[in-house]
*Asks:* 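One structure follows; several queries about it will come next.
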Number of protein chains: 2
Amino acid sequence: MINAMIDTVKIAKALSDPVRHKIMLMLAQNNQECCPVPGEVEGKTGLCNCEIMAKLGMIQSRVSYHMKELVEAGIVAEEPRGKWKMYFIKTKTLNQFLEQLRADFKLD
Amino acid sequence: MINAMIDTVKIAKALSDPVRHKIMLMLAQNNQECCPVPGEVEGKTGLCNCEIMAKLGMIQSRVSYHMKELVEAGIVAEEPRGKWKMYFIKTKTLNQFLEQLRADFKLD
DNA sequence: TAATCATATCAAATTTATTTGATTGATGCA
DNA sequence: TGCATCAATCAAATAAATTTGATATGATTA
């Protein structure tokens with residue numbers, strides 16, 4: 001499979017909102033408590049929408065909006081689990097993002 | 001000197017605008033043509049405002065606004081050179097930014 | 001000093017992003 | 001089927017970011 005082009009501006013924008021940053025931290029910590037079937041993608045377990053709502057104390061449509069932004073930026077994967085939806089951090093894409101920045105800005 | 005705290009959300013926001021991303025790429029390429037005294041910070045040469053305006057074809061106040069955003073995010077340094085102002089990419093801070101993301105998101 | 005040049009700042013206009021509450025659609029279960 | 005649950009979408013409201021043109025500041029030069 002050919003690597004998708006990394007849109008660094010788009011990913012940076014996804015990470016530039018405090019709510020989404022918190023969500024990413026949560027996803028990275030592999031927490032999952034409320035959903036019956038823990039998911040696994042790239043060796044990581046995921047979170048469902050309901051748990052994110054609970055942890056952040058935010059209403060459903062707000063969480064849904066931000067999850068969509070993260071998915072569209074390509075740094076979060078989603079997978080339906082019955083009427084739930086599990087979200088997973090896309091480690092590979094984030095690594096590519098960092099590599100791209102490293103190359104663009106000539107870092108070490 | 002103690003390392004300044006890295007505000008990843010703030011830096012991501014700075015990088016999330018296409019104009020600023022272009023500017024960062026330009027700064028990373030060490031170009032400098034129009035200014036009499038090339039600057040040097042962290043081993044990099046810099047760019048003056050006027051050259052950024054010319055390269056991007058943008059008016060002065062617009063460039064000034066974006067440079068301020070980059071400086072306030074901590075990823076660009078500025079240094080007056082007479083009536084010009086030179087800008088430098090802050091490689092160290094960008095490296096710290098990447099390291100922070102790597103740790104936050106448990107990347108390799 | 002006066003004029004010029006480079007940049008900063010400001011207010012207004014515009015555009016884009018975020019939040020909310022309501023509604024819809026889809027799934028699972030009684 | 002009918003009901004309950006979870007998530008997506010929509011429209012409206014709000015907030016934040018960006019752009020522009022005008023003006024101000026500060027340095028250089030004639």
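Residue numbers start from 1 in every chain, and the chains themselves are labelled A, B, ... in the order their sequence lines are given, proteins ahead of strands.
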*Asks:* Could you state the CD1-P distance from A/I59 to C/dT18, rounded to the nearest angstrom?
*Replies:*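 That distance rounds to 15 Å.
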*Asks:* Spell out protein contact along nucleotides 25-30 of chain D as letters: B when the base is contacted, S when just the sugar-phosphate is, - when no protein heavy atom is under 4.0 Å; keep the 5' to 3' order.
*Replies:* --SS--
*Asks:* Please state how far atom CD in A/Q60 lies from atom P in C/dT20, giving the value in whole angstrom units.
*Replies:*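 So the two atoms are 12 Å apart, to the nearest Å.
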*Asks:* Distance check needed: C/dC5 C1' versus B/N49 CG, whole Å only.
*Replies:*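 From B/N49 CG to C/dC5 C1': 13 Å.
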*Asks:* Just wondering, do B/D104 and A/H21 contact through their side chains at under 4.5 Å, heavy atoms?
*Replies:*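 In short, these two side chains touch, coming nearer than 4.5 Å.
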*Asks:* Quick one: do B/M26 and A/L101 end up in the same hydrophobic cluster if we chain Ile, Leu, Val, Met, Phe, Trp and Tyr together by side-chain heavy atoms under 4.5 Å apart?
*Replies:*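 The answer is yes; both residues are in one hydrophobic cluster.
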*Asks:* Only pairs at least two apart or in different chains count here, so list each side-chain hydrogen bond (donor to acceptor under 3.5 Å, both in side chains) that has a residue in residues 63-76 of chain B.
*Replies:*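 Sorted pair list: B/R20-B/H66.
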*Asks:* Is the shortest side-chain heavy-atom distance between B/M24 and B/L94 below 4.5 Å?
*Replies:*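 The answer is yes, as the side chains (C-beta and beyond) meet within the 4.5 Å cut-off.
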*Asks:* How long is the line joining NZ of A/K85 and C1' of D/dC6, in whole Å?
*Replies:*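 From A/K85 NZ to D/dC6 C1': 11 Å.
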*Asks:* Can you check the A/K68 NZ to C/dA17 C1' distance for me, whole Å?
*Replies:*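 For the pair A/K68 NZ and C/dA17 C1', the rounded distance is 13 Å.
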*Asks:* Please name the pair of heavy atoms, one in B/F97 and one in B/T8, separated by the smallest distance, quoted to 0.1 Å.
*Replies:*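 Between these two residues, the closest heavy atoms are CE1-O, 3.5 Å.
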*Asks:* Are A/N95 and A/E99 close enough that a side-chain donor and a side-chain acceptor fall under 3.5 Å?
*Replies:*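 No, no side-chain donor-acceptor contact under 3.5 Å.
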*Asks:* If the cut-off is 4.0 Å, is B/S64 near the phosphate of C/dA8, judged by side-chain N/O to OP1 or OP2?
*Replies:*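 Checking B/S64 against C/dA8: at least one side-chain N or O falls below 4.0 Å of OP1 or OP2.
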*Asks:* Below 3.5 Å between N/O atoms, which protein atoms pair up with nucleotides 11-18 of chain D? Just atom names and distances, please.
*Replies:*
{"residue": "D/dA17", "atom": "OP1", "partner": "B/K13", "partner atom": "NZ", "Å": "3.1"}
{"residue": "D/dT18", "atom": "OP1", "partner": "B/D17", "partner atom": "OD1", "Å": "3.3"}
{"residue": "D/dT18", "atom": "OP1", "partner": "B/R20", "partner atom": "NH2", "Å": "3.1"}
{"residue": "D/dT18", "atom": "OP2", "partner": "B/R20", "partner atom": "NH1", "Å": "3.2"}
{"residue": "D/dT18", "atom": "OP2", "partner": "B/Y65", "partner atom": "OH", "Å": "2.7"}

*Asks:* Rounded to whole angstrom units, what separation is found between the CD atom of A/E72 and the P atom of C/dT18?
*Replies:*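 From A/E72 CD to C/dT18 P: 12 Å.
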*Asks:* Give me the atom names and distance for the closest heavy-atom approach of A/Y87 to A/I52.
*Replies:*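 Distance-wise, the nearest heavy atoms are CD1-CD1, 4.3 Å.
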*Asks:* With side-chain contact (heavy atoms from CB on, under 4.5 Å) as the test, pick out the partner of B/I23 among B/D17, B/V76, B/L70.
*Replies:*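 Of B/D17, B/V76, B/L70, side-chain contact (heavy atoms from CB on, under 4.5 Å) with B/I23 is met by B/L70 alone.
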*Asks:* Check the distance between C/dT7's C1' and B/E51's CD and give it to me in whole angstrom.
*Replies:*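 Going from B/E51 (CD) to C/dT7 (C1'), I get 16 Å.
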*Asks:* In whole angstroms, how far is the C1' atom of D/dC6 from the CD1 atom of A/I52?
*Replies:*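 Interatomic distance, CD1 of A/I52 to C1' of D/dC6: 13 Å.
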*Asks:* Do you know which two heavy atoms are closest between A/I75 and A/A14, and how far apart they sit?
*Replies:*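 Taking A/I75 first and A/A14 second, the nearest heavy atoms are CD1-CB, 4.0 Å.
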